[in-house]
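As structure tokens, the structure follows; a few thoughts come after it.
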Amino acid sequence: MYRTIQLSLQARIQAILLAKYEIALTQFAVEQPPNIALGELALPVAFELAKRLRKAPRAIATELAAELNATLDQLPGVASIEVAGAGYLNIRLDRVAAVRAIAADRHADIGGPGFRLVEHTSINPNKAAHIGHLRNAILGDTFQRLLRPDDYKRGYQVGVQNYIDNTGVQVADVVVGLVHLEGKTLGSTRELLANLVETGQRVDFYCWDLYARVSHWYAGTGLDDTTAPAPTELARRKQIRLDTLHALEVGKNDTAVIADLISTAVLRRHIETMQRLSIEYDFLPRESEILSLHFWDAARTLMLDRGVLYLETDGKNKGCYVMRRAGNEAPGSEQEEVGPDEDAKVIVRSNGTVTYVGKDIAYHLWKFGLLPGKDFGYAKFHEYPSHTCWISTSAASNSAAPTFGRADAIYNVIDSRQNDPQNNVIAALRGMNFTDAADHYTHFSYEMVAMTPRCAVDLGYTLSDEDKLRPFIEVSGRKGYGVKADDLLDKLTAAAQAEVDSRHPELSEAERKAIAIQIAVGALRYFMLRFTRNTVIAFDFKDALSFEGETGPYIQYAIVRAANIFRKAGTTGEAALAAVADLDLAALNSDDGTSLWQTWLLASRLTVLIEQAISTAEPAYLARYAFQLAQQFNNFYHRHHILNETDPTRRTLLLATAAVAWREMVRALGYLGIEAPPVM
RNA sequence: GGGCGAGUAGCUCAAUUGGAUAGAGCACCGGCCUUCUAAGCCGGUGGUUGUGGGUUCGAUCCCCGCCUCGCCCA
């Protein structure tokens, strides 16, 4: 409702400006006054025009207000418009009409054509998921929910991908650990995996420790060395690492098979972990197929054709295929004669190997459907209750698979440390004149999750004196520093379970467990979403394990309270809202009615927030909105005791007010991937 | 050395992207459970928005200098 009025106001004022001053203003702000007494919407448009019209803002506002008030019938839902302050146009709404529209769930639609690809999670399959990966996956999953079609909005067609680097150095390192530190063969690796499953152990946790051990082994600093190893020994270990990595890239050998077994087993664990948080994927493209299906060869041809890639013949990059960086473009100019562009990005090294950026460019050309003649094979990997998760294969494709790639817009949820590489890919697209693709490429960048020094010490890590003074300690899979996602979730669930057990002994074990999980997920997802993207989260158990104040459970609790009222009143939220249609709503215009009206007004803003969260790629806005709405409801809850209300008209209005808050809180939490428990 | 980001209440974060009196949570102090669930509500303490200039009707936000921290690249 709120959004609808915003749009009609904008259109109306644009028309007036064009007719009266011949000014075409495409975008201007619609705000909320600081106080409801000033109205429901505020337009600072007169300030914008002051300079262009060489007139005082207040004079312009007065003229506009007169014009708007004279044609109020063209603005349905608006009661009056007045000038305030130095030149604000304050809008008052027709509360009765607005409440009826909100109760009937009339709201602006969100959505459009085109296929949008959201890529998130993308954990190297060589270790357990940790809190940093959780932030990534929760951001991506929430954003995907905002885009997708649902009961509330038309939405966009969306595909969710989780990229798997199963042939990279990280997987190679774990293979080195298995083969060279634990003496495993292909056969004994199979036994190990079977054994871990039988004994109920988590493969990814096993690899977590092994990965940290291998890192120490390379450096000669771990428990595997009682005395410092000789330089020749360290060189030998480094060579083993390179050889193993090479074996993975080439494929079709025992080392590669071991890597595949391990990385697939770890990947299955990641899928399980994320499913605990209601995070699902549609497709898992793997680097092994990008290599085996020779995506790069097609990309190289295209890049050479389009002139973004060229062979450097001189300077430090002699013999490499390089790409000009943005800002250094001088196609066909004298620049090449002046000398080599030392700042150019190396794509193919002089030894013929492709850099990571090269492979990434090929992959992104595929995403946009720009890689001629190349597509993955698709195989089923995992079944969710509502859909299949597919995985890439170099074998023949399953004909039942949907198509991925050929996206109109992509969103890559990748932390801000990858800003440079991401910009390189965009620059490549732009250089190839794929302007549309480059324009619709969003690096959904976010800051990392680190740990407070205290948190690191609590986990048993020994910090240097220097590290203890830092604001935070970076999570490091390589060092084995970090809070594992499953451990955190287990901890949260246990804490929630203790509360539920003591509050609801009448419920069955299974019911209490289910509620505890909903609360734990609510706490965790909200915690990861409440910070805006470019804030480093310094993780601390005290904050993350809290169920009070600005948390997910606070909002869930508000929903439970509302639901209790409907239950005890012998009605439902839906019925309470339907009763508004033929109710006397005159009370809304009284002073007392204003506080009720504020709840309706806030509830009607969900559409505005969703749209804002999408356009800024900032789910935190929606998280904060959900909390605000819960605060507003709790305030209302304490001020009005609905079931004791004797006046039937007023009681119906109060019930409906609780119901509108309830409806929008449930919706907002749904987009955040948080369920509303039946009781708490 | 270059690039990106950040610096706001004791702590952790917001601020509708340049708008009206800079707001929340935590912590602390005081009040509220015989009521629809206290995982809650009400009140209070707490600010020279790192710093110096500039731009304009208006700056936490934009521009320049400096300081501090983080990340990436070399």
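Note that the structure is predicted; figures quoted are calculated from it, not measured. Throughout, protein chains are lettered first and strands after them, A, B, ... in sequence-line order, and every chain is numbered starting at 1.
In a base pair of the Watson-Crick type (N1 to N3 plus N6-O4 or O6-N4) or a G-U wobble (N1-O2 and O6-N3), with each distance short of 3.5 Å, A22(B) is matched with no nucleotide. The base-pairing partner of A39(B), taking Watson-Crick or G-U wobble contacts with both distances under 3.5 Å, does not exist among the strands shown.
A heavy atom lying under 4.0 Å from RNA chain B marks the following residues of residues 654-680 of chain A, by number: V679(A), M680(A). Interface residues of residues 526-550 of chain A facing RNA chain B, ordered by number: F531(A), T532(A), N534(A), T535(A), V536(A), F547(A), E548(A), G549(A), E550(A); criterion, heavy-atom separation under 4.0 Å. Within residues 601-620 of chain A, the residues that have a heavy atom under 4.0 Å from RNA chain B are, in order of number, Q612(A), T616(A).
Spacing of P atoms, G23(B) relative to G43(B), comes out at 14 Å, to the nearest Å.
Distances shown here put every side-chain N or O of Y554(A) at or beyond 4.0 Å from the OP1 or OP2 atom of C26(B). In terms of phosphate contacts, Y621(A) brings no side-chain nitrogen or oxygen within less than 4.0 Å of OP1 or OP2 of U17(B). For the OP1/OP2 pair of C41(B) and a distance below 4.0 Å, the side-chain nitrogens and oxygens of Q631(A) include no atom meeting the criterion.
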Distances under 3.5 Å between protein N/O atoms and the N/O atoms of nucleotides 2-4 of chain B, please, pair by pair.
none

Hey, what are the protein-to-nucleotides 29-35 of chain B N/O distances that come in under 3.5 Å?
{"residue": "U35(B)", "atom": "O2'", "partner": "H641(A)", "partner atom": "NE2", "Å": "3.3"}

Which atoms of nucleotides 59-63 of chain B (N or O only) lie under 3.5 Å from a protein N or O atom, and what are those distances?
none

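Stacking is not found between Y557(A) and the pyrimidine-like six-membered ring of the U37(B) base under the 5.5 Å centre-distance and 30° plane-angle cut-offs. Stacking here means ring centres nearer than 5.5 Å and ring planes tilted less than 30 degrees, and by that measure F472(A) does not stack onto G70(B).
Taking atom NE2 of H638(A) as the reference point, atom P of U37(B) lies 11 Å away to the nearest angstrom.
With a 6.0 Å radius and a threshold of 12 heavy atoms from other residues, nucleotides or ligands, K153(A) has its NZ atom above the threshold. Other residues, nucleotides and ligands contribute over 12 non-hydrogen atoms within 6.0 Å of the CD atom of E506(A).
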